[in-house]
There are 2 protein chains.
Amino acid sequence: MLQTRVIPPAENAYQYPLLIKSLLLSGSRYEKTREIVYRDKLRYSYATFNERVARLANVLSEAGVKAGDTVAVMDWDSHRYLECMFAIPMIGAVLHTINIRLSPDQILYTMNHAEDRLVLVNSEFVPLYNAIAGQLTTVEKTLLLTDGDAKTADLPNLAGEYETLLAAASPRYDFAEFDENSVATTFYTTGTTGNPKGVYFTHRQLVLHTLAMASTIGALDSIRLMGTDDVYMPITPMFHVHAWGVPYVATMLGVKQVYPGRYEPDMLCRLIQEEKVTFSHCVPTILQMLMNAPNAQGHDFGGLKMIIGGSALNRALYEAAQAKGIQLTAAYGMSETCPLISCAYLNEQLRAGSENERTSYRIKAGVPVPLVEAAIMGSEGRFLPADGESQGELVLRAPWLTQGYFREPQKSEELWEHGWLHTGDVATLDSMGFVEIRDRIKDVIKTGGEWISSLELEDLISRHPAVREVAVVGVPDPQWGERPFALLVVREGQVLDAKGLKEHLKPFVEQGHINKWAIPTQIAVVTEIPKTSVGKLDKKRIRVDIAQWQEAGSPFLSTL
Amino acid sequence: MLQTRVIPPAENAYQYPLLIKSLLLSGSRYEKTREIVYRDKLRYSYATFNERVARLANVLSEAGVKAGDTVAVMDWDSHRYLECMFAIPMIGAVLHTINIRLSPDQILYTMNHAEDRLVLVNSEFVPLYNAIAGQLTTVEKTLLLTDGDAKTADLPNLAGEYETLLAAASPRYDFAEFDENSVATTFYTTGTTGNPKGVYFTHRQLVLHTLAMASTIGALDSIRLMGTDDVYMPITPMFHVHAWGVPYVATMLGVKQVYPGRYEPDMLCRLIQEEKVTFSHCVPTILQMLMNAPNAQGHDFGGLKMIIGGSALNRALYEAAQAKGIQLTAAYGMSETCPLISCAYLNEQLRAGSENERTSYRIKAGVPVPLVEAAIMGSEGRFLPADGESQGELVLRAPWLTQGYFREPQKSEELWEHGWLHTGDVATLDSMGFVEIRDRIKDVIKTGGEWISSLELEDLISRHPAVREVAVVGVPDPQWGERPFALLVVREGQVLDAKGLKEHLKPFVEQGHINKWAIPTQIAVVTEIPKTSVGKLDKKRIRVDIAQWQEAGSPFLSTL
């Protein structure tokens with residue numbers, strides 16, 4: 001270690017800690033009249049927002065919540081969730097954002113594992129909560145969240161209803177200062193195997209993430225994605241990586257914020273139109289759903305800027321959105337990374353290119369944002385060149401990555417092997433810093449020493465006119481290690497077999513897009529492809545199905 | 001202290017430290033072709049810049065510089081200075097930016113006090129350096145900086161000429177990681193009494209300052225002050241608070257940067273025009289000088305955005321700049337604060353106001369930027385209300401304030417009395433968070449229990465048609481504590497005495513702008529008002545002069 005002139009803690013007494021309370025302070029001190037909007041139910045100013053955070057802090061303290069306790073929320077996207085994102089960490093407690101799309105068993109697991117003390121439950125989730133309440137081992141109290149309908153509900157250890165309690169509480173709270181390395185939030189990510197894993201972020205990490213994101217979306221692109229005059233609405237759940245952390249940025253900047261509750265396409269469109277939303281973010285599936293909504297037809301979304309992440313953004317969707325006046329920018333991140341890692345802003349050279357080229361970069365995973373270091377790692381921790389060709393695992397360093405999985409030392413060690421966070425994604429990095437995700441490592445097909453991207457194969461196969469849906473996985477092969485296997489849904493009245501697919505893929509081999517080992521020798525045509533709870537291809541399940549078919553013989557199979 | 005769930009250092013192993021090297025990494029990884037320009041002498045790309053920083057690191061290491069050493073620079077604003085701002089801290093050393101406007105004795109004092117080991121000397125400053133070289137107690141080596149003219153000079157212990165050494169050095173350097181609380185930079189600030197005082201900033205502080213500034217200038221105003229497409233040129237010396245820290249921001253964002261060398265008005269104007277500069281910053285005096293430059297006449301600066309700080313921005317200058325197409329925004333900070341504290345961006349309400357109102361806010365000290373806490377403190381650490389009326393000392397907290405004055409424990413304690421940094425400025429804070437500086441505490445006149453702002457009085461007196469220049473100070477008075485005293489320069493052929501001045505000020509008393517104790521009972525008309533080396537009124541000297549006149553009697557004096 002270099003012998004730098006380190007200021008010892010004793011002489012560094014006035015080092016202001018990085019705490020979430022300073023993000024609240026910033027925007028609300030000067031944009032007092034700006035609004036926070038909840039569906040068509042409620043709207044109030046930042047001045048009121050500030051007071052409500054203090055009221056909530058008083059309510060929680062009176063309900064017995066202490067610093068270090070974990071407080072969980074089961075709610076759709078709301079002003080209440082935003083208030084919890086501030087008040088809970090600001091009293092030194094930990095916010096657990098419950099993924100209400102998990103199965104009841106998984107929710108139960110995460111709540112016991114996180115040691116939730118108090119839970120805020122939306123009235124819609126009361127039946128779900130009550131179904132697991134008997135098995136919760138740490139919860140002492142509940143608070144009821146409603147849209148103004150019922151003021152009470154059949155909830156065990158109910159401390160009261162949110163709005164009623166807030167109204168009765170003092171609008172002042174003297175928020176203390178504490179160590180910036182205090183955990184502020186936690187939530188669970190579901191892998192393909194085993195129990196959900198808890199990631200956690202400290203005040204320091206969330207503040208740094210907020211500043212880096214504000215710099216990125218404010219200054220790093222030819223278009224300012226979000227600035228003071230924008231109107232922000234998330235369409236990524238607040239239980240999922242704090243709606244990508246953008247509510248913290250919007251609050252720091254004093255931007256008008258709109259929270260849509262449950263995602264009903266018509267309500268989303270209405271809010272975008274009526275509240276004049278100019279900045280949002282979501283996954284590709286949700287954007288597709290949004291554009292298909294009845295009241296989106298004939299509507300010009302002109303001026304709406306969106307960040308798309310979660311899965312790869314394809315060109316067709318990019319162009320369809322553009323035709324509707326929506327400017328998309330891809331970004332990349334994951335639960336473990338808080339999440340922002342990279343954003344597809346274009347440099348000087350790329351902006352000078354053709355529209356076609358610009359689009360091809362706008363839909364990549366993008367360039368790492370300030371303070372993020374990205375690299376491509378091959379086997380045994382060896383770094384691969386950033387030449388846009390070499391494929392390996394994308395590994396990361398940044399000041400806001402989870403330091404591990406909560407109480408999972410072995411998985412934490414694997415996550416941080418060789419001192420870099422392992423994303424589990426296969427990617428390339430080019431000389432301009434652009435990351436391109438090729439596949440999930442688990443889904444890459446290793447055949448005869450070559451790596452084949454299942455995503456790339458799926459893209460090529462989906463261009464066959466008969467193909468409605470496709471999933472490609474690697475299946476064990478005694479000679480080659482693995483071989484690609486394609487699972488297909490074909491359009492009504494069409495047929496396709498392994499031979500027909502080979503004919504379709506041959507030109508891509510000849511043009512050098514894929515090598516000849518990439519052509520599946522075995523395919524299966526089915527009526528539906530298994531999906532996960534969030535709508536992604538369930539490749540774990542697909543592999544199990546294929547193994548069974550191969551063992552038992554199946555009419556679905558077609559072999560070359 | 002709250003018992004939060006602090007992640008202990010052992011479990012926080014992958015916490016990426018905040019180091020200056022990540023600012024360099026960020027912009028230069030994707031904007032490789034963007035340029036760094038030095039006057040009409042040199043231009044190169046960010047890719048080259050990156051290599052040159054590594055070359056410089058090798059040159060310094062080979063010259064014996066070690067982590068913890070202090071390396072000093074005596075140069076005008078240049079690409080070399082920018083390289084030093086990165087390479088020196090990045091090898092763990094401390095950059096001392098020498099204020100070349102100080103007297104040789106003061107420069108000598110600062111260099112010995114900072115314990116400079118190696119000094120980079122611009123050929124223009126060789127005579128100055130040699131005049132003090134014999135008394136330097138810690139310097140071991142020198143490096144020569146030239147604009148390509150001489151490759152050597154009569155400098156003691158000369159290790160070589162900068163460009164020659166860089167050309168010979170390797171363009172690779174493996175920059176180590178170290179504690180983010182390592183000191184990165186230091187420089188000296190001159191008070192009104194005693195020796196210059198050394199302030200110092202750590203890597204952590206500079207990175208946080210950079211992120212907060214990028215968020216501010218990128219996203220917090222209706223106009224984006226600096227974004228990726230801007231062209232940046234400082235007109236605030238790099239030896240003075242790192243040109244307000246903006247070069248770090250510009251580098252992080254990959255913005256084109258122009259360094260003008262010595263400030264010659266014609267060269268500045270030419271660079272603005274030819275390099276298409278769109279963002280800059282300076283003090284009011286320099287802006288005035290710039291607009292008066294011969295080749296600024298008839299030139300439309302349309303699109304140039306400038307931050308003005310250092311002294312109060314007055315309306316006349318604001319409007320004159322606007323007439324030339326320059327959009328000004330006031331900002332506030334000081335050497336001790338790294339410097340950014342507040343910026344006069346307008347909130348929604350203010351932007352809806354009349355142009356007159358908007359201007360009146362654009363020229364105030366502004367609103368504290370993200371992560372800055374500001375308050376008004378009265379006597380004995382008592383906080384005063386943010387009502388836009390209550391005057392007291394502006395005190396601050398933020399993550400980037402100097403933790404003290406280097407090896408001055410008593411002055412450090414005074415600076416941080418009650419745990420807040422004392423600015424020495426009298427200010428008000430209004431309900432929108434706007435700071436308005438009323439005076440320096442030292443210059444405020446305390447008369448009969450009332451505080452009179454010398455700045456406000458100077459403003460009112462300067463409206464008298466006969467007054468060309470004015471300085472107001474408080475002088476001791478046995479009955480009132482202090483009484484205001486006005487020092488005037490009158491226009492040719494005009495006369496003004498204490499009685500005439502009283503007539504002029506009476507209406508302002510009647511309108512309630514000032515109270516009647518503010519009318520000076522004694523004035524002096526002189527031919528010139530003493531100024532400091534940076535062009536500010538030298539009130540310390542003025543007080544001494546007045547005391548002598550009052551004791552000895554003087555023809556300058558006019559008494560009511």
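Per chain, numbering begins at 1; letters A, B, ... match sequence-line order.
- R29(B) and V369(A) get closest at one heavy-atom pair: NH2-O, 2.9 Å.
- When side chains are defined from C-beta on, R351(B) counts as touching T228(A), because their heavy atoms get closer than 4.5 Å.
- Of the possible donor and acceptor atoms, one in the side chain of Q403(A) sits under 3.5 Å from a partner among the backbone N and O of Y14(B).
- Interface check for chain B: of the options A176(A), P409(A), P8(A), S222(A), the most heavy-atom pairs under 4.5 Å are formed by S222(A).
- For chain A, the option among G92(B), A398(B), G68(B) with the highest count of heavy-atom pairs below 4.5 Å is A398(B).
- The candidate with the highest count of non-hydrogen atom pairs below 4.5 Å against chain A, out of K32(B), R34(B), Q3(B), is R34(B).
- With chain A as partner, the option from S431(B), G254(B), G404(B), A184(B) having the largest number of non-hydrogen pairs under 4.5 angstrom is S431(B).
- Heavy atoms of D230(B) lying under 4.5 Å from chain A are absent altogether.
- Across E373(B) and L25(A), no two heavy atoms sit closer than the pair CG-CD2, 3.8 Å.
- Rounding to the nearest 0.5 angstrom, the gap separating the CG atom in L19(A) from the OG1 atom in T4(B) is 9.0 Å.
- Relative to the six-membered ring of F201(B), R5(A) misses at least one condition, a distance below 6.0 Å or an angle of at most 45° to the axis.
- The two residues R224(B) and G218(A) come nearest to each other via the heavy atoms NH1-O, 2.7 Å.
- Only the side chain of Y200(B) comes within less than 4.5 Å of a heavy atom in chain A; its backbone stays farther off.
- Looking only at side-chain heavy atoms (C-beta outward), L208(A) and L18(B) come within less than 4.5 Å of each other.
- Looking at E31(A), its side chain does come within 3.5 Å of a backbone N or O of E348(B) through a donor-acceptor pair.
- Summarising the geometry of Q15(B) relative to N181(A), their closest heavy-atom pair is NE2-OD1, 3.1 Å, with the distance given to 0.1 Å.
- Residues N347(B) and T33(A) fail the side-chain proximity criterion, which asks for heavy atoms closer than 4.5 Å.
- Only the backbone of I223(B) comes within contact range of chain A, with heavy atoms under 4.5 Å apart.
- Using a 4.5 Å cut-off on side-chain heavy atoms (C-beta onward), V6(A) and E180(B) make no contact.
- Contact tally against chain A (heavy-atom pairs below 4.5 Å) for W420(B), W400(B), W416(B), F178(B): the top residue is W416(B).
- Ring centroid separation for the pair Y345(B) and Y30(A) comes in under the 6.0 Å cut-off.
- The greatest number of non-hydrogen atom pairs below 4.5 Å with chain A, out of S182(B), G433(B), S26(B), A386(B), is found for S182(B).
- In this structure, P17(B) and R204(A) approach most closely via the heavy-atom pair CA-NH2, 4.5 Å.
- The most heavy-atom pairs under 4.5 Å with chain A, out of L401(B), V94(B), D221(B), come from D221(B).
- Both the backbone and the side chain of V183(B) have a heavy atom closer than 4.5 Å to some heavy atom of chain A.
- Counting only residues at least two apart or on different chains, no side-chain hydrogen bond (donor to acceptor under 3.5 Å, both in side chains) pair has a member in residues 211-220 of chain A.
- Every residue two or more places apart in sequence or in another chain that forms a side-chain contact (heavy atoms from CB on, under 4.5 Å) with A374(B) is listed here: P368(B), L394(B), L396(B).
- Looking only at heavy-atom pairs under 4.5 Å with chain B, the residue among L253(A), L220(A), L225(A) that has the most is L220(A).
- At least one side-chain heavy atom of L371(B) sits under 4.5 Å from a side-chain heavy atom of L211(A).
- When all heavy atoms of P370(A) and M252(B) are compared, the closest pair comes out as CB-SD, 3.7 Å.
- Counting heavy atoms from C-beta on, the side chains of R397(A) and E177(B) come closer than 4.5 Å.
- In terms of heavy-atom pairs under 4.5 Å with chain B, the best-connected choice from N12(A), T402(A), I7(A) is N12(A).
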